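So the structure is just underneath, and the comments pick up after that.
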Amino acid sequence: MRWAGQRIDVEAPDALPGLGSIAGLVRSVTTPEFQGVTFHEVLARSALNSVPGAAALPFSWTVNPYRGCTHACRYCFARPTHKYLELDTGQDFDRQIVVKTNVAEVLRRELARPSWSHEPVALGTNTDPYQRAEGRYRLMPGIIDALASSGTPLSILTKGTLLRRDLGLLSAAASQVSVGIAMSLALGDDELRRSLEPGVPSVRGRLDLIRAIRAAGLPCGVMVAPVLPWLTDSTDQLDNLFAQLAEAGATGVTTLLLHLRPGVKDWFMQWLARDHPELVTRYESLYARGSYAAPSFRKAFEAKVRPLRAKHGFAGAASHRPEPIAGMQVTTQPQAVQQSLF
């Protein structure tokens, strides 16, 4: 297993208690609270990740405290990243979670460098920083404080209702820097959610969190992504979902159709064959030329979504800050943006 990019081979005084001298991977942990999940605790050499092709994005840097995700979304864009660790992109991605236990300390050092220019930093563009593991490791408070105290704008994209724990900290950060928050919510049907993204909090829970974020005086855009052809893309389904988001106080909506990268497509198609075998041939045809749906389908989808967004007040400029993630007002985005978000 290739862990070299995750570790440092020196004494680490900020390591977990009782672990002493570290040479590589700190430890692998299982716990009854996370049955079937193994946490691989590592010491990261770096926290800030420069984003390739950043000119097409509203942010240039990201921080990813975790690799792998217990949300277990069948369509997750980040699944291929587990190959680098010689883990599979299916169940290993869901159950073998890499935890960068020292990420906040490393981040503080990087932000203190004279060369740091305080560009916006995004969290949640790879795996979710508020997945269930965050309840155990509590990495986000240190990350948020490090960014805010250094004068660095930040944005967070999440499906995790655990963010509610840090609302006070995020409100305080917003008095120092621009803070953007976005909720990912695309499946309005909880039965479909349990099948397709079994570790994700309920629809009601995320709608309530949007309300709480807005009550705290913070912006909250919503990523309605991925929209699934012939499963969640009907006019009635989108109209109902947008209505719920508007009622909850969402400050912007971005809609993106499902895309299926290599390493993700096989895992998703296994699910489709099991739960919706009648759609397998249609999906194979729709995605025959690559990761994205056929252009004609995307064009028709855009035409359908545009008036629905306007109907529910999501057609104008987003009433939140900063621009990254927190509610970009477009129905499609450059390929680089889509790849960064999912």
Side-chain angles (χ1 to χ4, degrees), residues 58 73 75 124 155-159 161 163 179-193 196-197 200-259 276 279 282 286 292-335 337-338 341-342:
C73 303
Y75 52 77
S155 57
I156 299 170
L157 171 63
T158 184
K159 296 178 181 176
T161 52
L163 180 142
V179 174
I181 301 175
M183 181 63 56
S184 178
L185 201 171
L187 308 184
D189 181 339
D190 262 322
E191 183 177 352
L192 180 60
R193 175 195 59 80
L196 190 58
E197 41 186 40
V200 174
S202 69
V203 175
R204 179 177 178 179
R206 282 176 286 164
L207 288 171
D208 286 345
L209 178 56
I210 293 170
R211 296 184 182 96
I213 293 168
R214 299 294 293 125
L218 294 165
C220 187
V222 176
M223 294 292 295
V224 178
V227 178
L228 307 174
W230 306 298
L231 286 172
T232 64
D233 66 336
S234 75
T235 298
D236 286 346
Q237 287 170 315
L238 293 168
D239 188 31
N240 181 60
L241 180 57
F242 289 173
Q244 292 182 75
L245 297 177
E247 189 277 330
T251 52
V253 165
T254 299
T255 49
L256 297 174
L257 276 170
L258 173 73
H259 76 283
H276 296 278
L279 293 179
R282 297 177 79 178
L286 185 61
Y292 294 86
S296 59
F297 192 95
R298 298 203 305 268
K299 184 176 180 180
F301 174 73
E302 293 166 18
K304 174 167 53 180
V305 167
R306 195 174 299 112
L308 294 175
R309 286 164 44 83
K311 173 182 176 181
H312 296 287
F314 296 128
S319 56
H320 51 70
R321 56 186 176 93
E323 292 182 355
I325 293 180
M328 292 172 284
Q329 291 290 312
V330 292
T331 54
T332 60
Q333 304 200 40
Q335 182 169 324
V337 176
Q338 296 194 34
L341 294 174
F342 294 93

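In this text, all values refer to a predicted model and were calculated from it rather than measured experimentally.
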Hey, what do you get for CG (Leu308) to OG1 (Thr235), rounding to the nearest 0.5 Å? 6.0 Å
Main-chain N/O of Val253 paired to Arg309 side chain as donor or acceptor, under 3.5 Å: yes
Can you see which heavy atom on Gly249 is nearest to which on Ile210, and at what distance? C-CG2, 4.3 Å
Please lay out, stage by stage, how Leu228 and Leu187 fare under the test side-chain contact (heavy atoms from CB on, under 4.5 Å). CA-CA 9 Å; Leu228 307 174; Leu187 308 184; 4.0 Å; yes
Nearest heavy-atom neighbours spanning Ala310 and Ala315: CA-CB, 3.6 Å
Main-chain N/O of Arg206 paired with Thr161 side-chain donor or acceptor, under 3.5 Å: no
State which residues pass side chain to side chain contact (heavy atoms under 4.5 Å, CB included) with Ala243; sequence neighbours excluded, sorted by chain then number. His312
Taking only residues two or more places apart in sequence or in another chain, which ones pass side chain to side chain contact (heavy atoms under 4.5 Å, CB included) with Leu241? Leu185, Val224, Leu245
Is there side-chain contact between Phe297 and Asp233, with at least one heavy-atom pair below 4.5 Å? yes
Scan Ser202, Cys73, Pro201 and name whichever one has a side-chain contact (heavy atoms from CB on, under 4.5 Å) with Arg193. Ser202
If you measure from CD1 on Ile181 to CG on Leu218, what distance do you get to the nearest 0.5 Å? 4.5 Å
Rounded to the nearest 0.5 Å, what separates atom SG in Cys220 from atom CZ in Arg214? 8.0 Å
Of the non-hydrogen atoms in Gly188 and Val203, which two are nearest, and what is the gap between them? O-CG2, 3.8 Å
Worked verdict on Ile213 versus Leu163 for side-chain contact (heavy atoms from CB on, under 4.5 Å): CA-CA 9 Å; Ile213 293 168; Leu163 180 142; 3.9 Å; yes
Over all atoms of both residues, closest heavy-atom pair of Gly180 and Pro219: CA-CG, 4.3 Å
Residues passing the side-chain hydrogen bond (donor to acceptor under 3.5 Å, both in side chains) test with Ser234, sequence neighbours excluded, are Gln237
Nearest 0.5 Å, please: how far is CG in Leu231 from NE2 in His276? 5.0 Å
I'd like to check Phe314 versus Val305 (side-chain heavy atoms, cut-off strictly below 4.5 Å). Are they in contact? no
Separation of Lys159 NZ from Met223 CE (nearest 0.5 Å): 10.0 Å
Tell me the closest heavy-atom pair linking Pro226 and Ala186, and the distance in Å. O-CB, 3.6 Å
Sequence-distant partners of Lys311, side-chain hydrogen bond (donor to acceptor under 3.5 Å, both in side chains), two or more places apart: Asp239
Tell me the closest heavy-atom pair linking Ala250 and Val222, and the distance in Å. CB-CG2, 3.7 Å
Does anything in residues 241-251 pair up under salt bridge (charged side-chain N to carboxylate O under 4.0 Å, His left out), and if so which pairs, sequence neighbours excluded? Arg211-Glu247
Taking side-chain hydrogen bond (donor to acceptor under 3.5 Å, both in side chains) as the definition, give me every residue that meets it alongside Asn240, ordered by chain and number, with sequence neighbours left out. none
